[in-house]
A.B. asks: 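Questions regarding the structure given below will be posed in turn.
In what follows, chains carry the letters A, B, and so on, assigned in the order in which the sequence lines appear, proteins first and then strands, with residues in each chain numbered from 1.
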Number of protein chains: 2
Amino acid sequence: MGCESETVDLLRETGHKMTPQRMMILTSLRHASGHLTAAEVFERVKTVYPYVDISTVYRTLTVLKDLHLIAETDMGGGDATFEWVVAERHHHLICRKCSQVTQLDHRYLAEVGARIGRDLGFRADLDHFAIFGLCAACQRELTEEAARGAAH
Amino acid sequence: MGCESETVDLLRETGHKMTPQRMMILTSLRHASGHLTAAEVFERVKTVYPYVDISTVYRTLTVLKDLHLIAETDMGGGDATFEWVVAERHHHLICRKCSQVTQLDHRYLAEVGARIGRDLGFRADLDHFAIFGLCAACQRELTEEAARGAAH
DNA sequence: AGAGTAAGCGCAACTGGTTGCAATTACGAT
DNA sequence: ATCGTAATTGCAACCAGTTGCGCTTACTCT
């Protein structure tokens with residue numbers, strides 16, 4: 001505790017309460033190295049306080065997400081993951097074949113966001129995007145497969 | 001029928017079968033004016049053939065999506081929507097306050113996609129993106145609210 | 001410090017979507 | 001036209017996530 005004080009203030013200022021459960025959920029995300037699914041957060045909190053309900057986890061994640069303290073991303077694996085929003089914004093390139101995840105610098109999208117704002121007046125939330133596609137390796141594999149298919 | 005023959009061929013060529021259920025799901029999407037949710041597709045098909053199972057709808061949607069015949073988009077309303085992939089690619093700007101949907105020309109993202117491909121070798125699927133954010137009107141509203149909040 | 005109140009909690013019921021399985025059926029090969 | 005096979009179907013069980021509700025509790029105000 002101690003390093004969470006700003007977060008507590010933000011919660012209070014927005015009319016929310018800081019409960020023990022919320023604190024545990026929050027710290028488990030804060031101190032996780034990367035992305036966590038809701039179930040993972042649930043597991044981690046349960047080791048400290050076994051009586052938490054999964055619905056509390058989901059409700060808290062929703063609150064934190066609305067306050068932009070955490071970012072939700074669909075990494076393609078079916079379940080959404082959550083991660084503490086850090087200073088440097090970044091995005092993910094996710095291969096839909098091998099599921100490999102690569103980071104993408106924010107600059108790639110910042111410019112598009114700016115242009116959309118300029119042209120259409122729409123302020124795009126481009127904090128944390130998951131872009132699906134095919135990684136270089138899988139592209140090669142697929143073209144080779146296609147070549148074999150055409151040959152036979 | 002008749003206008004679906006190319007689609008049927010594509011299915012066959014990729015080792016799939018064309019079943020009556022599949023045909024109905026396909027045409028309901030093909031002839032729908034815009035986006036349909038899975039439940040909507042289910043309802044439409046049921047009017048013709050009441051015995052379809054919802055799981056068949058989901059499974060077929062997955063197949064069609066994998067073949068890029070339809071595009072899945074999370075329009076924010078909680079449930080994903082599907083639409084027939086038309087010639088001109090486009091994207092959607094969805095306001096997270098008023099849920100208004102605006103179309104965005106593909107050119108905005110095409111360039112980013114090209115750059116990602118060039119720099120990182122990753123071929124991004126940018127066929128049909130849903131970009132969340134705040135529309136111009138809601139931005140104005142929010143800044144006014146903030147001004148009122150600061151004043152009192 | 002104490003009281004009132006609205007937010008939050010855990011439970012249980014529910015919903016939307018997925019999956020395993022046995023029966024069926026479309027399709028390529030004969 | 002018929003056969004064999006693999007894909008597909010419908011059912012039912014299942015799972016992840018959501019919601020309604022009565023009880024509890026953090027926070028505000030005095």
A.B. asks: Counting only side-chain nitrogens and oxygens, does A:T19 get under 4.0 Å of the OP1 or OP2 atom of D:dA26?
C.D. replies: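 The answer is no; no side-chain N or O of A:T19 sits under 4.0 Å from OP1 or OP2.
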A.B. asks: Can a side chain N or O of A:R59 be found less than 4.0 Å away from OP1 or OP2 on C:dG8?
C.D. replies: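 No.
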A.B. asks: Nearest of C:dA26, D:dA26, C:dC9 to any side-chain atom of A:R22?
C.D. replies: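 For the A:R22 side chain, the nearest candidate turns out to be C:dC9.
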A.B. asks: Ignoring the backbone of B:Y58, work out which of D:dA12, C:dA26, C:dG17 is nearest its side chain.
C.D. replies: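 Nucleotide nearest to B:Y58's side chain: C:dG17.
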A.B. asks: Between A:L104 and B:F122, is there a side-chain heavy-atom distance shorter than 4.5 Å?
C.D. replies: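 A side-chain contact under 4.5 Å is absent here.
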A.B. asks: Separation of B:D53 atom CG from D:dT9 atom C1', in whole Å?
C.D. replies: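 B:D53 atom CG is separated from D:dT9 atom C1' by 8 Å.
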A.B. asks: Could you tell me whether A:S55 contacts a base, only the sugar-phosphate backbone, or nothing, with contacts defined as non-hydrogen atoms closer than 4.0 Å?
C.D. replies: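 Answer is base: heavy atoms of A:S55 come under 4.0 Å of a base.
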A.B. asks: To the nearest Å, give me how far apart CZ (B:F82) and C1' (C:dG17) are.
C.D. replies: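 About 10 Å, once rounded to whole Å.
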A.B. asks: Determine, stepwise, if the pair B:V8 / B:L26 fulfils side chain to side chain contact (heavy atoms under 4.5 Å, CB included).
C.D. replies: CA-CA 10 Å; B:V8 175; B:L26 209 140; over 6 Å; no
A.B. asks: Which part of the nucleic acid, if any, lies within contact of B:Y49, taking any heavy atom under 4.0 Å across all strands shown: a base, the sugar-phosphate backbone alone, or nothing?
C.D. replies: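 Contact class for B:Y49: sugar-phosphate only.
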A.B. asks: Are the side chain of A:R115 and the backbone N or O of B:Y108 linked by a donor-acceptor pair below 3.5 Å?
C.D. replies: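 A pair under 3.5 Å: no.
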A.B. asks: How long is the line joining CD of B:E43 and P of C:dG16, in whole Å?
C.D. replies: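 After rounding, the reported distance stands at 11 Å.
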A.B. asks: On a heavy-atom basis, which atom in B:W84 and which in B:L29 lie closest, and how many Å separate them?
C.D. replies: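 Heavy-atom minimum between the residues: CB-O, 4.0 Å.
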A.B. asks: Just the rounded figure in Å: distance from P of D:dA26 to CE of A:M24.
C.D. replies: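 Those two atoms, CE and P, are 11 Å apart.
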A.B. asks: Are OP1 or OP2 of D:dT25 and a side-chain N or O of A:Q21 less than 4.0 angstrom apart?
C.D. replies: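 No.
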A.B. asks: Nearest whole angstrom, please: distance from the P of D:dT18 to the CZ of A:F42.
C.D. replies: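 One finds 14 Å between P of D:dT18 and CZ of A:F42, rounded.
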A.B. asks: Dump the intermediate steps for side chain to side chain contact (heavy atoms under 4.5 Å, CB included) on A:T60 and A:V41, then the final yes or no.
C.D. replies: CA-CA 11 Å; A:T60 301; A:V41 173; over 6 Å; no
A.B. asks: Write down the distance between NZ (B:K46) and C1' (D:dG10), rounded to a whole number of angstrom.
C.D. replies: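 Atom-to-atom, B:K46 to D:dG10, this comes out as 13 Å.
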A.B. asks: Return the nearest nucleotide to the side chain of B:K17; candidates are C:dG17, D:dG10, D:dT8.
C.D. replies: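 From the listed options, D:dT8 comes nearest.
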A.B. asks: Rounded to whole Å, please give me the gap between CD1 in B:I54 and P in C:dT19.
C.D. replies: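 Spelled out: CD1 on B:I54 to P on C:dT19 is 14 Å.
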A.B. asks: What's the OH-P distance between A:Y51 and C:dA12, to the nearest Å?
C.D. replies: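 Going from A:Y51 (OH) to C:dA12 (P), I get 15 Å.
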